[in-house]
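So the structure is just underneath, and the comments pick up after that.
Numbers restart at 1 for each chain; the letters A, B, ... are given by sequence-line order, proteins then strands.
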There are 2 protein chains.
Amino acid sequence: MNPEAIQRSFDGSGLRCTPQRYAVMAFLLEHNRHPTAAEIFEAVNRVDPRSSRATTYNNLRDLVKAGLVREVAIEGRAARFDAKGMQHHHFICDRCGNVEDIKWYDVPRPGPGSLGKRVLRECELIFRGLCTKCAPRRASR
Amino acid sequence: MNPEAIQRSFDGSGLRCTPQRYAVMAFLLEHNRHPTAAEIFEAVNRVDPRSSRATTYNNLRDLVKAGLVREVAIEGRAARFDAKGMQHHHFICDRCGNVEDIKWYDVPRPGPGSLGKRVLRECELIFRGLCTKCAPRRASR
DNA sequence: ACTGGTTTTTAGATTATGTCTAATGTGAGA
DNA sequence: TCTCACATTAGACATAATCTAAAAACCAGT
C-alpha cells in the first residue's frame, strides 16, 4: 500500500492523517512481523516525528475500530497488531509467542443451528505449535 | 466428570490433588461459562477451603500446562478458562467479551506447503460477533 | 513417629500492559 | 481569522498476572 492509499483508507474511516497515525499504519504495512504496541511505539520513534506512548495506543485503537488493523490477543503476552492486507490465518508459537501468517483458505462456517440468535461477523482460524525458529529445540517455555 | 475422574486426571499429570486445585477444576467442569481467573478465585472462595489469589493463578497455570484446561486470550480483557471436555469451537462476543461454545466440527488443516518446518499442535476456530444477549441491541462497545 | 525432600500455598510486593485525565496543539471549514 | 472538533502529550492510574520468600502440607524411607 502506498502513501496515497493509506491517506485514502484514513479518509474513508473519518480519521485524520496525522504524522503519528500515518507512521503506525506505515510501519504495520511494511512489517508483517505482528509487532506489539510497545514495539510499534519504539519503532516509530526511532524516526521522527516523535509520538507518545498514549498516542500510539490511541491510534492503534482507532485503526482497529476502523477495521484497518487487526488485534491478536495472546495468552500471557502483549497483544499484537497486524495491518489487514490480504486475508490470512495465524500461527502462534507456543514457545516464543510470535505470530506468523498462514496462507488463507476458506473455512466452513457453522450451521445456523449451532449459532442460534448470534450474529456472526468473522471467523478466524488459529494454529498453534512451534515456529520454524523454535521447532528444532522443542523446549518447554 | 466425577470426583474420581478429576483425581485420576491429576494423577495422570503428576499433579497432587489438593483441595484448592480440585476446587478450581471442579468449578470449571460444572460451569461452561468460561470464567476469568478473578471469577474463579471468587467462586472457589465462596465455599471453603480458602484459596489465595496466587494459588488460583498457579493452579490454573498448572492445569493449562497439563493440558486439562484451555486458556482463551481476549483483546482488552482478562483471559478466560475452559475445562477441556468435549472438543468445541469458541464464539467471542464483540460487545460483552463473553465466550460461548460452538458445536465442534472438523476443520481442514493447511497444506504442508504453507506450514513449512513449523510443528502443528492444534488448530482452533474462533467466531466473532454478537452473542444472543447482545445481538438485539447491536451497539458499539 | 521422625527425617528429609518435594510440592503447594500464601500474603504482599512487583511487573507488564494498557487506559485515563486534563492540558495543549492542530487544522479544516465558516 | 475564528472556531471547534479532533489529536497529541506526559504522567498518573488501573488491571491482570507474576514473582518472592517463607511457611505448610505431604510423601517416602527409615
Side-chain angles (χ1 to χ4, degrees), chain A residues 6-8 10-27 34-45 47-66 68-81 96-97 99 140-141, chain B residues 6-7 10-25 34-45 47-66 68-81 97 99 140-141:
Chain A
I6 295 181
Q7 270 262 28
R8 265 181 282 119
F10 285 179
D11 287 351
S13 309
L15 295 171
R16 281 194 198 153
C17 188
T18 67
Q20 291 88 344
R21 185 171 288 152
Y22 182 92
V24 167
M25 192 65 188
F27 181 77
H34 306 82
T36 63
E39 287 165 353
I40 296 168
F41 169 64
E42 216 209 333
V44 304
N45 273 294
V47 294
D48 270 344
R50 306 271 128 158
S51 178
S52 77
R53 215 164 57 90
T55 298
T56 304
Y57 275 99
N58 287 344
N59 281 327
L60 282 169
R61 203 208 317 226
D62 294 341
L63 294 173
V64 168
K65 228 186 305 185
L68 299 173
V69 165
R70 180 170 8 167
E71 179 176 357
V72 185
I74 298 174
E75 314 77 49
R77 300 181 133 100
R80 285 154 178 276
F81 296 87
C96 67
V99 176
S140 62
R141 271 206 240 178
Chain B
I6 295 180
Q7 269 262 25
F10 285 179
D11 287 350
S13 310
L15 295 170
R16 280 191 198 156
C17 188
T18 67
Q20 292 89 344
R21 185 170 289 151
Y22 182 92
V24 168
M25 191 66 188
H34 306 84
T36 62
E39 286 165 353
I40 297 168
F41 169 64
E42 216 209 333
V44 304
N45 273 295
V47 294
D48 270 342
R50 306 272 126 157
S51 178
S52 77
R53 216 162 53 89
T55 298
T56 304
Y57 275 99
N58 286 344
N59 281 327
L60 282 169
R61 202 206 322 222
D62 294 342
L63 293 173
V64 169
K65 227 184 308 185
L68 299 172
V69 165
R70 182 174 3 169
E71 180 175 358
V72 185
I74 298 174
E75 313 76 48
R77 300 180 133 98
R80 285 153 177 277
F81 297 88
V99 176
S140 61
R141 272 207 233 176

Spacing between [X] atom [atom1] and [N] atom [atom2], to the nearest angstrom:
{"X": "F10(A)", "N": "dC6(D)", "atom1": "CZ", "atom2": "C1'", "value": "14 Å"}
{"X": "L15(A)", "N": "dA7(D)", "atom1": "CG", "atom2": "C1'", "value": "11 Å"}
{"X": "R16(A)", "N": "dT26(C)", "atom1": "CZ", "atom2": "C1'", "value": "7 Å"}
{"X": "Q20(B)", "N": "dA23(D)", "atom1": "CD", "atom2": "P", "value": "19 Å"}
{"X": "K65(A)", "N": "dG18(C)", "atom1": "NZ", "atom2": "P", "value": "16 Å"}
{"X": "E71(B)", "N": "dT18(D)", "atom1": "CD", "atom2": "P", "value": "7 Å"}
{"X": "D62(B)", "N": "dT6(C)", "atom1": "CG", "atom2": "C1'", "value": "14 Å"}
{"X": "N58(A)", "N": "dA10(D)", "atom1": "CG", "atom2": "C1'", "value": "13 Å"}

Which is true for [X] with a 4.0 Å heavy-atom rule: it touches a base, it touches only sugar-phosphate, or it touches nothing?
{"X": "A78(A)", "answer": "sugar-phosphate"}
{"X": "T55(B)", "answer": "base"}
{"X": "N59(A)", "answer": "sugar-phosphate"}

Presence of [X] side-chain N/O under 4.0 Å of [N] phosphate oxygens OP1/OP2:
{"X": "T36(B)", "N": "dA16(D)", "result": "no"}
{"X": "Y57(B)", "N": "dA17(D)", "result": "yes"}
{"X": "R77(A)", "N": "dT17(C)", "result": "no"}

If you check the [X] side chain, which of [options] turns out closest?
{"X": "A37(A)", "options": "dT8(C), dG18(C), dT9(D)", "answer": "dG18(C)"}
{"X": "T18(A)", "options": "dG18(C), dA7(D), dA10(D)", "answer": "dA7(D)"}
{"X": "S51(B)", "options": "dT10(C), dA10(D), dG18(C)", "answer": "dT10(C)"}
{"X": "S52(A)", "options": "dT9(D), dT26(C), dT9(C)", "answer": "dT9(D)"}
{"X": "R61(B)", "options": "dT10(C), dC19(D), dT26(C)", "answer": "dC19(D)"}
{"X": "A79(A)", "options": "dT9(C), dT26(C), dG18(C)", "answer": "dG18(C)"}

Under 3.5 Å: donor-acceptor pair, side chain of R50(A), backbone of N45(A): yes
Any donor-acceptor N/O pair, R21(A) side chain to R16(A) backbone, under 3.5 Å: yes
Side chain R53(A) and base dG18(C) donor-acceptor under 3.5 Å: yes
The single option from V24(A), T36(A), V69(A), L63(A) passing side-chain contact (heavy atoms from CB on, under 4.5 Å) against F81(A):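 With F81(A) as partner, side-chain contact (heavy atoms from CB on, under 4.5 Å) holds for just one option, V69(A).
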For [X] and [Y], work out which heavy atoms get closest and say how close.
{"X": "S51(A)", "Y": "T56(A)", "result": "OG-OG1, 3.7 Å"}
{"X": "P35(B)", "Y": "I40(B)", "result": "CG-CG1, 3.6 Å"}
{"X": "G97(A)", "Y": "R80(A)", "result": "O-NE, 3.5 Å"}

